[in-house]
Asks: 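Next up is a structure, given as structure tokens.
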Number of protein chains: 2
Amino acid sequence: MARPRMFDEERALDAAVRVFWERGYEATSTQDLCDATGLGRSSIYNTFQSKHALFERALARYLDTMTVTQTAVLDDMERPAADRVRALLALVVEGEAECREGSGRALGCLGVNTVVELAGRDPAAAALLERDTVRRLAAYRAVMEAGRRDGSITSSRDPEALARFLNATVAGLRVSSQGGAGPAELAAIAETAMDALTP
Amino acid sequence: MARPRMFDEERALDAAVRVFWERGYEATSTQDLCDATGLGRSSIYNTFQSKHALFERALARYLDTMTVTQTAVLDDMERPAADRVRALLALVVEGEAECREGSGRALGCLGVNTVVELAGRDPAAAALLERDTVRRLAAYRAVMEAGRRDGSITSSRDPEALARFLNATVAGLRVSSQGGAGPAELAAIAETAMDALTP
DNA sequence: CTTGTTTTGTATTGGTCGGTTCAAAACCTG
DNA sequence: CAGGTTTTGAACCGACCAATACAAAACAAG
């Protein structure tokens, strides 16, 4: 009944995630988004209503995929909980090393980046981030409780505190990566953090 | 021989630190800087050559004062090293709680904020940040070595790794704060981190 | 006072920002 | 092929950006 789209909306969204990830929200212009997605202005504003709305969708998409892969690792019931936490940290370390390829510079994590850049003055972004944090903290807490039961995680601190500590450690790893730390240093940080979690 | 300044350059710089701290680099306009410092455009561009040059001076000033107060705490030779580290973390936690007053929102740390926003594409800022990180890591490492000698810090990991872990913990605390964590949660994170540092 | 130098406020620069308008092009349905 | 609907590209919008030009004002030195 009408002319069909010449582009894949999800692909465009992925490209938007990438450019927001690389440059942040403020430093990304609508022209950057056009270049990265290959779409024209009209197509972008026709599909997503504004730069901000596009950012919200990009952020939500990023957070969702990130958290899903993280919780997938944490929910592998076969292994002891501490091993799963180790695997999560390895995932983070490896992810940081990975996105450093080519450009040479680390990108950190769009979630952490957005917390720092926008959480204080963008209610929509703050809401998305808080929702994701709650979700991730719940997963972290669950694995800490499992570890307390199977004995692989210390019971000298309550699971809530351990979960928050793990969350802070992940953020610390990502900032350290952007600050110039290499894979070896990140791995050392992760191992040291595990000392606080294991009995 | 000529007309004297009507403003104090250091005060203006402090005001610039504050506004860059609150909004970040990109989101701060020259008008914001005029409003915050009380200076006119000409005075700003006459004194500091550009927005970017002013930012460099503001960042350098912030990093210096921050690192000086941190190392002052760490160099208190009377107490065991572990206590000094605890005092440092308390300083960070308290600082985050403090800057949350009034506005309700945490500001994090201009250093961490800049690592995330600019380190990847602003060589000047990256250089300042790396210089500061090296300096801070040296101080952290020194206190870890002292702790190894006085027995208050674990000797099961080398001081370099412990220093990097402490650095990541500080960053993690600051991101957690911006992400909405309150003083109690931050304190719990700090305590848990100490578990990895003490024997 | 006058002279010389600096600071200061105002107006303005060219450029880019996010966003809109509009007509032509492209497609599906019948 | 024709009619109706959507997408698309390009020109365009006012607003704001960092930065500059310039002249009036304010001082110190003689």
Asks: Would you list the pairs meeting side-chain hydrogen bond (donor to acceptor under 3.5 Å, both in side chains) in which at least one residue belongs to residues 77-86 of chain B, sequence neighbours left out?
Replies: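 Qualifying pairs: none.
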Asks: E160(B): what forms a salt bridge (charged side-chain N to carboxylate O under 4.0 Å, His left out) with it, not counting sequence neighbours?
Replies: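 Result, salt bridge (charged side-chain N to carboxylate O under 4.0 Å, His left out) vs E160(B): R141(B), R164(B).
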Asks: Do T192(B) and D195(B) have side-chain atoms, one donor and one acceptor, less than 3.5 Å apart?
Replies: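 No, D195(B) and T192(B) have no side-chain donor paired with an acceptor closer than 3.5 Å.
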Asks: Which whole-number value in Å describes the distance from R23(A) CZ to dC17(C) C1'?
Replies: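 My rounded result for the distance is 14 Å.
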Asks: Are K51(B) and Y45(B) in a cation-pi setup, meaning NZ or CZ lies under 6.0 angstrom from the ring centre and within 45 degrees of the ring axis?
Replies: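 No; the conditions do not both hold, so K51(B) does not lie above the ring face of Y45(B).
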Asks: Tell me the interatomic distance from I44(A), atom CD1, to dG9(D), atom P, rounded to whole angstroms.
Replies: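 I44(A) atom CD1 is separated from dG9(D) atom P by 11 Å.
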Asks: F48(B) has an atom CZ; how far is it from atom P of dT8(C), in whole Å?
Replies: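 In whole Å, dT8(C) P and F48(B) CZ are 11 Å from each other.
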Asks: Tell me whether the count of non-hydrogen atoms from other residues, nucleotides or ligands lying under 6.0 Å of CZ in R18(B) goes above 12.
Replies: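 Atom CZ in R18(B) is not crowded, with 12 or fewer foreign heavy atoms closer than 6.0 Å.
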Asks: Could you state the atom-to-atom distance from CZ of R5(B) to P of dG9(C) in whole Å?
Replies: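 In whole Å, dG9(C) P and R5(B) CZ are 13 Å from each other.
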Asks: Is the phosphate of dT8(D), meaning OP1 or OP2, less than 4.0 Å from a side-chain N or O of S43(A)?
Replies: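 Yes.
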Asks: Taking protein heavy atoms under 4.0 Å as touching, what does nucleotides 16-26 of chain D look like 5' to 3' if B marks base contact, S marks sugar-phosphate-only contact and - marks none?
Replies: -SBBBB---BB
Asks: Taking atom P of dC17(C) as reference, at what distance in whole Å does atom CZ of F55(A) sit?
Replies: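 These atoms are roughly 17 Å apart.
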Asks: Do F55(A) and L39(A) share a hydrophobic cluster, counting only Ile, Leu, Val, Met, Phe, Trp and Tyr and linking them when any side-chain heavy atoms are less than 4.5 Å apart?
Replies: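 Same cluster: F55(A) reaches L39(A) through Ile, Leu, Val, Met, Phe, Trp or Tyr contacts under 4.5 Å.
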Asks: Please give, in whole Å, the distance from dT7(C) C1' to D8(B) CG?
Replies: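 Interatomic distance, CG of D8(B) to C1' of dT7(C): 16 Å.
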Asks: L39(A) has an atom CG; how far is it from atom P of dG9(D), in whole Å?
Replies: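 Those two atoms, CG and P, are 9 Å apart.
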